[in-house]
There are 2 protein chains.
Amino acid sequence: MRIGELSEHTGTPRRLLRYYEEQGLIVPDRCANGYRDYAEAYVDRVLQIRGLLDAGLPTRIIKQILPCLGRPRTIEIPEATPETIATLERELDRMTARIRCLSRNRDAVADYLDAVRTGTVGAGGG
Amino acid sequence: MRIGELSEHTGTPRRLLRYYEEQGLIVPDRCANGYRDYAEAYVDRVLQIRGLLDAGLPTRIIKQILPCLGRPRTIEIPEATPETIATLERELDRMTARIRCLSRNRDAVADYLDAVRTGTVGAGGG
DNA sequence: GTTGACCCTCACATCAGTGTGAGGGTTTGA
DNA sequence: TCAAACCCTCACACTGATGTGAGGGTCAAC
């Protein structure tokens, strides 16, 4: 599919699809006329990229973790340099920390909203 | 405590402590000479702010969720305008989505690293 | 062969978070 | 009084993710 179609399917501006490519996150084929040609799988890939970006990961890191996602059975171990492994281990820790932080704060916000909705504050509601 | 001390305790550049203040995330007292004077509790607060920033939340949102954190028993319901409530509900959803996305990808990275470490790929390890 | 909807490559602009430094006051200690 | 180590307020600059537009090619429909 071409960039316009992918843009629609993923709700992502064309500009960003080109940007992700510039950052090496996606590498679409090219038609004879120079148009980008995306495989079907890029819909999920782009959605994943956007989710990770939204979660605070920079494109540089996303680029490194993308290769180990999506095909748990066909992991390409040979592609993993010791350097990449180290980066992944570091990022694994950071992601875990992020999840913990987000979870804690999410729960707190949820508790707050609960209290607001029931008009209750623990002080007895009055 | 003064800004230098808070900076040390939180590993946060002075510049950023001033920036967080500029964004309304923290509001230190001032000494007679104009120096900022931070209560002990700001250490945790700043750490929390940095965790949320790292998780992708912008200061604008952090500012809104901060008031409902830290004191689950003394929530100040009256401070919650309907607008704030709506924002919080929206952010709650987004945080949940972020957590899901991060968890899924975290697990995938963990699986990948596991496979690399055991030299196993399902293909038999080469 | 012209129009309109696509696509392309720049390239400048914006916003948030952060670095860095200029220019200057305060406090502490020799 | 002077120096060192703090603090202050600007203010410019960078990076990363994104918006926007200029200038121009491609292709299908008329």
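Chain letters run A, B, ... following the sequence lines, proteins first and then strands; every chain starts at 1.
- Rounded to a whole Å, the CD atom of B:Glu21 is 17 Å from the C1' atom of C:dT18.
- Under a 3.5 Å cut-off, the side chain of B:Ser7 and the backbone N or O of B:Ile3 do not form any donor-acceptor pair.
- If you measure from atom CZ of A:Arg60 to atom P of D:dG16, you get 8 Å, rounded to the nearest angstrom.
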Worksheet entry | B:Arg90 vs B:Asp93, salt bridge (Lys or Arg N to Asp or Glu O under 4.0 Å): CA-CA, chis, key distance, verdict | CA-CA 5 Å; B:Arg90 224 176 304 119; B:Asp93 288 346; over 6 Å; no

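- One interatomic measurement links the two molecules: CG of B:Asp54 to P of C:dT18, which rounds to 9 Å at whole-angstrom precision.
- Taking only side-chain nitrogens and oxygens, A:Arg36 comes nearer than 4.0 Å to OP1 or OP2 of C:dT9.
- At whole-Å resolution of the value, CG in B:Leu17 and P in D:dC7 are 10 Å apart.
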Item to complete: Quick one, give me the B/S/- string for nucleotides 18-30 of chain D, reading 5' to 3', where B means a protein heavy atom under 4.0 Å from the base and S means that only happens at the primed atoms, P, OP1 or OP2.
Response: BBB----BBS---

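- Nearest to the side chain of B:Pro58, among D:dT9, C:dG17, C:dC8, sits C:dG17.
- In this structure, A:Arg14 reaches the C:dC7 phosphate: one of its side-chain N or O atoms is under 4.0 Å from OP1 or OP2.
- Phosphate proximity of C:dT20 to B:Arg18: absent, as no side-chain N or O sits under 4.0 Å from OP1 or OP2.
- As a whole-Å value, the separation of A:Gln23 CD from D:dA17 P is 6 Å.
- Remark: B:Thr59 is in phosphate contact with C:dG17, judged by side-chain N or O atoms under 4.0 Å from OP1 or OP2.
- The 12-atom threshold is not exceeded at CD of A:Glu8, counting heavy atoms of other residues, nucleotides or ligands nearer than 6.0 Å.
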Practice prompt. Could you walk me through whether B:Ile26 and B:Arg45 pass the side-chain contact (heavy atoms from CB on, under 4.5 Å) test, one step at a time?
Written response: CA-CA 8 Å; B:Ile26 52 185; B:Arg45 174 107 325 181; 4.0 Å; yes

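- For residues 52-68 of chain B, the pairs satisfying side chain to side chain donor-acceptor pair (under 3.5 Å) are A:Arg94-B:Asp54, A:Arg98-B:Asp54, with sequence neighbours left out.
- Whole-Å rounding puts the B:Glu22 CD to C:dC15 C1' distance at 13 Å.
- A donor-acceptor contact shorter than 3.5 Å is absent between the side chain of B:Tyr112 and the backbone of A:Ile85.
- Atom NZ in A:Lys63 sits about 13 Å away from atom P in D:dG16, given to the nearest Å.
- A:Glu8 has its CD atom 12 Å from the C1' atom of C:dA5, to the nearest Å.
- Listed for the A:Asp37 side chain is a donor-acceptor partner under 3.5 Å among the backbone atoms of A:Met1.
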